[in-house]
Amino acid sequence: MSKLSFEFPDGNQKEFDAGVSVEDIAKSISVSLAKKAVAGKVDGELVDVFAPLQKGGKIEIITSESEEGLQVLRQSAAQLLETVAKKQFHDIKIGEISADEDGFYVDTDKAERQVSADELDELANQMKRIIKNDASVKRVYLSKDEALKEVDGDPYQAKIISEIDSDNILFYDIAGVLTLAQGVVAPSLKNIKHFKLLSVAGAYWEGKSSNPMLQRIYGTAFYKEAELEADLKARQEAKERDHRVIGNNLDLFFVDPKVGAGLPYWMPNGATIRRTIERYITDKELANGYQHVYTPVLANLDLYKQSGHWDHYREDMFPPMEMDDDEMLELRPMNCPSHIQIYKHHIRSYRELPLRIAELGMMHRYEKSGALSGLQRVREMTLNDGHTFVAPDQIQDEFKKILKLMMDVYDDFDIDNYTFRLSYRDPKNTEKYFDDDEMWNKAQSMLKGAMDELGLDYVEAEGEAAFYGPKLDVQTKTALGNEETLSTIQLDFMLPERFDLHYVGEDGKEHRPVMIHRGIVSTMERFTAYLIEMYKGAFPTWLAPKQVEIIPVSDEKYGDYARKLNEKLSAIKIRSHVDDRSEKMGYLIRDAQTHKVPYTIVVGENEVKNNTVSVRKYGEDNSRDMSIDEFVMEILKDISSYSRDANKEKESVDKVR
């Protein structure tokens, strides 16, 4: 019998007969390890604990304490869910099942009616009964013909089997039901004690919108009850922060499928938040030497062919529009070629550099329908875009200034949960990235050197760069746990070359500038979504769509006083409103709190008599009596200090000098 050589994590090597299993290898180390083993890992690939191995390599014994062990537990739960679904619904068909760091899911399809959320508890109870009565998992190997006969009538399972490059197909026998193995499961189901079936949602077969829509059942599982409870609590928190839910509750935006997916409508409340952000960032950039411009949302396709977007970004662009004069117009996917035209419109001198151009520029991206999500992923967006044209010896100083501005803005929005990522090209991917080794090496070393000099922590990510140059990405996590790029600074030697950009140097000769792309607060859509989730809809006063709700105890008696107060506040640009509905006082106050208005003012007999207001801040239980002038001073201070203690020193920007 042939021998297989395995290398263990400590570097030791051992030989075993071909056909040895992970369990056998674990037993050769210790019986206790074999009992704890739930799977193995050979050359980075998970393998079943009982599977006969036919090749050697680097091996790890996977136990419940590892991340892979948790994945095996969840895959086991998914396989068990498939089992009970087949028992419960004899006409059910099964698509993909999978497990990852977020949980597990099973895709199902039924002719008459899909599995509903109301049926999840019963499915979970059946899973628990099997775990309690018979937690064993039997492994059954069938030939491909036998496997196809076993799943006859299920087109999804048949397609999965047909794509397996083997005539030895593994099935799991759980409680007398055969299910196709779509991942590695544990030797026993006894550890699946702490799980939860979470929800159902539509999912296209193989992720393609042209394929049938299946019903995906989501769940999660842990080895310990405390871990499950913590996860469910985190999921509830994420649900409460979901910008789509809050956006609907606070009437901020909506998406109408009649108009088109990924094309949000901004309601007055949402538009107020967006307008406040736009005014803020424009004023901030003007104060930092940027010149704001407006450029067309359409451009000749040749412009994007020259920039390289058409070659490298075509699948994310909308189809060109042919005009009656044979001109091809394209909805722009990026603003940089437009700002290059601004630069080229005049002969530039070294005295003008750095030349900073900024715009709130609308762009369009051809996003797949399955990727669209509220305001976070859309097809039409407005980017807080900026491009600085610098001499080569100005790169590092300008990089610092951009980073200082970025962190200053984060401080004003009270954002501190972010990390830095240096995004490099993948040198093997010559299709995506501009082919110039010298340019890439120079640009990447410049960015890395600047970050090292600033002493800021960062991670390096190969293959995440733009096609024309490396970049610094500021990464954050949404309330749903997805990682998003909040801001970016990109170094570009390529586009100045492609567009033949020059400036006249001190020596009277032409020199090539370097282009720095930067987006401080991303798109208005994505940044607003991020803020909705970060603030949980309770916007600080300076951003809140409605800053003051004025409630008269009786509109007939005190309505005039409330309206005069409203006029006074509106005159000094405080966003206030009088709620004169014929409802009970308690209801109106609760409604203001539900809509997370920063200040609720109640006016009645005492307030009219004493020319005062009764003020209640959002989140506080008690009200305070104040003169109108005292209240005006308080709210103006609140707004001017970005709704924080005005004495709070800014810390983040001091890191960059």
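Only this structure's heavy atoms are used, side chains among them; waters, hydrogens and symmetry mates stay out.
Residue T485 comes nearest to R421 through the heavy atom pair OG1-NH2, 3.9 Å, listed as atom of the first residue, atom of the second, then distance. Nearest heavy atom pair, residue A117 against residue V200, reads N-CG2, 3.8 Å. In plain terms, the two heavy atoms of L405 and K284 that are nearest each other are CD1-CG, 3.6 Å. Nearest heavy-atom pair across I92 and A85 is CG2-O, 3.7 Å. A pairwise comparison of heavy atoms in R74 and D100 identifies NH1-O, 3.0 Å as the closest pair. Taking both residues in full, the closest heavy atoms of D251 and M267 are given as O-CB, 3.3 Å, listed atom of the first, atom of the second, then distance.
One finds the CD atom of Q215 at 5.0 Å from the CD atom of Q114 (value rounded to the nearest 0.5 Å). The line from CZ of F539 to OG1 of T276 is 10.0 Å long, rounded to the nearest 0.5 Å. Put simply, NE2 on H595 and CD on E549 are 9.5 Å apart, with the number rounded to the nearest 0.5 Å. In this structure, Q376 CD and H243 NE2 are separated by 4.5 Å, a value rounded to the nearest 0.5 Å. Taking CD1 of I277 as the reference point, atom CG of L531 lies at 5.0 Å (rounded to 0.5 Å). L250 contributes atom CG, which lies 7.5 Å from atom CD1 of I273 (distance to the nearest 0.5 angstrom).
Between R563 and E567, no side-chain nitrogen of the basic residue sits less than 4.0 Å from a carboxylate oxygen of the acidic one, so the salt-bridge criterion is not met. Ion pair E237/K536 flagged as a salt bridge, since at least one NZ, NE, NH1 or NH2 atom sits closer than 4.0 Å to an Asp/Glu carboxylate oxygen. The pair E367-R377 meets the salt-bridge criterion, since a charged nitrogen lies less than 4.0 angstrom from a carboxylate oxygen. A salt bridge does not link E380 with R365: every distance from a Lys NZ or Arg NE/NH1/NH2 to an Asp or Glu carboxylate oxygen is 4.0 Å or more. A salt bridge is defined here as a Lys NZ or Arg NE, NH1 or NH2 lying under 4.0 Å from an Asp or Glu carboxylate O, and K546 with D579 fails to meet this definition. With salt bridges taken as basic N to acidic carboxylate O contacts below 4.0 Å, none links K93 and D109. Salt bridge present: R113 and E119 bring a charged side-chain N and a carboxylate O closer than 4.0 Å. A salt bridge is absent between D242 and R235; no separation between the charged side-chain nitrogens and carboxylate oxygens falls under 4.0 Å. A salt bridge is defined here as a Lys NZ or Arg NE, NH1 or NH2 lying under 4.0 Å from an Asp or Glu carboxylate O, and R624 with E634 meets this definition. Under a 4.0 Å N-O distance rule, the pair R129/E122 qualifies as a salt bridge. Salt bridge R274/E278: present, at least one basic N to carboxylate O contact under 4.0 Å.
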> What do the steps show when you test E96 against Y156 for side-chain hydrogen bond (donor to acceptor under 3.5 Å, both in side chains), and what is the final call?
Replying inline: CA-CA 8 Å; E96 181 184 18; Y156 312 114; over 6 Å; no
>> Between D591 and R581, is the salt bridge (charged side-chain N to carboxylate O under 4.0 Å, His left out) condition met? List the steps.
In response: CA-CA 11 Å; D591 192 56; R581 291 176 294 170; 3.0 Å; yes
> What's the verdict on side-chain contact (heavy atoms from CB on, under 4.5 Å) for T488 and H517, showing C-alpha distance, side-chain angles and the deciding distance?
Replying inline: CA-CA 8 Å; T488 184; H517 309 245; over 6 Å; no
>> Walk me through whether S487 and Y418 qualify under side-chain hydrogen bond (donor to acceptor under 3.5 Å, both in side chains).
In response: CA-CA 10 Å; S487 307; Y418 58 89; over 6 Å; no
> So V602 and E607, side-chain contact (heavy atoms from CB on, under 4.5 Å) or not? Walk me through it.
Replying inline: CA-CA 8 Å; V602 176; E607 287 74 30; 5.6 Å; no
>> Test side-chain contact (heavy atoms from CB on, under 4.5 Å) on L81 and Y105; report intermediate values, then the result.
In response: CA-CA 9 Å; L81 172 58; Y105 64 80; over 6 Å; no
>> One pair to check against side-chain hydrogen bond (donor to acceptor under 3.5 Å, both in side chains): Q475 and T419. What are the steps and the verdict?
In response: CA-CA 5 Å; Q475 300 297 108; T419 58; over 6 Å; no
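A heavy-atom distance below 4.5 Å is not found between the side chains of H194 and Y223. Counting heavy atoms from C-beta outward, I589 and I551 have side chains that approach closer than 4.5 Å. Here the side chains of Q126 and Q88 are in contact, with some heavy-atom distance below 4.5 Å. At least one side-chain heavy atom of M363 sits under 4.5 Å from a side-chain heavy atom of N335.
There is no side-chain donor-acceptor pair under 3.5 Å between Y599 and T541. Side-chain atoms of D102 and Y218 include no donor-acceptor pair closer than 3.5 Å. A donor-acceptor contact closer than 3.5 angstrom links the side chains of E285 and N384.
A perpendicular orientation is assigned to the rings of F318 and H364, their planes being inclined by more than 60° (bins at 30° and 60°).
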